[in-house]
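The figures that follow rest on heavy atoms only: side chains count, while hydrogens, waters and symmetry mates do not. Quantities reported herein were computed from a predicted structural model and do not represent experimental measurements. Positions are given from 1, in the same order as the sequence printed here.
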Amino acid sequence: MSRILNGIVAVCPDLGIGSNGNLPWHPVRLANEFKHFRRMTATPSVKDKQNVVIMGRRTWFSIPEKNRPLNNRINIVLSRALKAPPAGAHHLAPDFNSALKLVDVELADQVDQVWVIGGSSLYKDLMESPGTKRLFVTQILKQFECDTFLPEIRPDRYRLLPEFPGVPPELQKENGIQYRFEVYESIEQ
């Protein structure tokens, strides 16, 4: 079954997405940005189905334990080292393609949207995979120290959409940090 794959990420101006296993702006909380993440990833468009979130092992363990698994979503963790899903995760897959196969075969009747939520190598796999993809990017308009980065969103492969349903177009500000939501869609090659 052909489905649109979604990625969601918050990035600094240098495409930094993490620092020492946390978000770059940690310990500052961007509650409204987090609500946007939760609303986008947890709200299916089809009644009686759930969305899937696919994440790497390090991303899983960067989520505070009390918040794992991400509720109202099927959580798939990728790891070649683990032999069983970490406590709380619903499924384990060795790589991105195996996770997609799991979604399309075993979970097909339960799943609506697929969301990739990190980390860096998983975003790269998503961005290079065939088919239509959307990237929901929160552009943080302040630079923080980062050690993990999003691959470049290449203009020959993705176009910025002028608007998207449910995504506020106006500039946001929380705790002295400005940001804006953007949605990119892959250009058919």
Problem set entry | Over all atoms of both residues, closest heavy-atom pair of L171 and Y179 | CD1-O, 3.5 Å

Problem set entry | Same apolar cluster (I L V M F W Y, side chains within < 4.5 Å links), F136/L70 | yes

For this session: Measure from the side-chain N and O atoms of N175 to the backbone N and O of I177, and report whether any donor-acceptor pair falls under 3.5 Å.
Result: no

Exercise. Is the closest side-chain heavy-atom distance between L160 and I153 below 4.5 Å?
Worked result: no

Exercise. Between D156 and I187, does a side chain to side chain contact (heavy atoms under 4.5 Å, CB included) hold up when you go through it step by step?
Worked result: CA-CA 7 Å; D156 62 324; I187 299 167; over 6 Å; no

For this session: Kindly work out whether a path of hydrophobic side-chain contacts (I/L/V/M/F/W/Y, heavy atoms less than 4.5 Å apart) joins I117 to L107.
Result: no

Exercise. What's the spacing between I54 CD1 and R73 CZ if we round to 0.5 Å?
Worked result: 13.5 Å

For this session: Compare every heavy atom of V77 with every heavy atom of A89, then report the nearest pair and how far apart it is.
Result: CB-CG2, 3.7 Å

Exercise. Taking everything shown except R68 itself, do over 12 heavy atoms lie less than 6.0 Å from its CZ?
Worked result: yes

Exercise. Does the side chain to side chain contact (heavy atoms under 4.5 Å, CB included) test come out yes or no for V111 and R3, once each step is laid out?
Worked result: CA-CA 11 Å; V111 171; R3 66 173 84 233; 3.7 Å; yes

Problem set entry | Audit row: T41, N51, side-chain hydrogen bond (donor to acceptor under 3.5 Å, both in side chains) steps and yes/no | CA-CA 7 Å; T41 61; N51 291 343; over 6 Å; no

Problem set entry | Verdict with supporting geometry, V183 and E185, side chain to side chain contact (heavy atoms under 4.5 Å, CB included) | CA-CA 7 Å; V183 181; E185 190 167 66; 5.9 Å; no

Problem set entry | E33 side-chain N/O to T138 backbone N/O, donor-acceptor pair under 3.5 Å | no

Exercise. Taking C-beta and beyond as the side chain, do S19 and F144 meet within less than 4.5 Å on heavy atoms?
Worked result: no

Exercise. Would you say L122 and T59 make side-chain contact, with heavy atoms under 4.5 Å?
Worked result: no

For this session: Quick one: closest heavy-atom pair of C12 and K142, and the distance?
Result: SG-O, 3.9 Å

Exercise. Do Y184 and V9 belong to the same hydrophobic cluster, where Ile, Leu, Val, Met, Phe, Trp and Tyr are linked whenever their side-chain heavy atoms lie under 4.5 Å apart, directly or via other members?
Worked result: yes

Exercise. According to a 4.5 Å side-chain heavy-atom criterion applied to Ile, Leu, Val, Met, Phe, Trp and Tyr, with indirect links allowed, do I74 and W60 form part of one hydrophobic cluster?
Worked result: no

Problem set entry | Side-chain heavy-atom pair V116, D125 within 4.5 angstrom cut-off | no

Exercise. Just by modelled atom types, is the L82 backbone N or O under 3.5 Å from a matching donor or acceptor in the R57 side chain?
Worked result: no

Exercise. Do M127 and Y158 come close enough that some side-chain heavy atom pair is under 4.5 Å?
Worked result: yes

For this session: State, yes or no, whether a side-chain contact exists between L5 and F96 at a heavy-atom distance under 4.5 Å.
Result: yes

Exercise. Is there a chain of hydrophobic side chains (I, L, V, M, F, W, Y, each step under 4.5 Å between heavy atoms) that links L161 to F181?
Worked result: yes

Problem set entry | Backbone N/O of A31 and side chain of E174: donor-acceptor pair under 3.5 Å | yes

Problem set entry | Euclidean distance, D104 CG relative to E106 CD, rounded to 0.5 Å | 11.5 Å

For this session: Start with the C-alpha distance between V52 and Q113, add both sets of side-chain angles, then the distance that settles side chain to side chain contact (heavy atoms under 4.5 Å, CB included), and finish with yes or no.
Result: CA-CA 6 Å; V52 163; Q113 300 174 53; over 6 Å; no

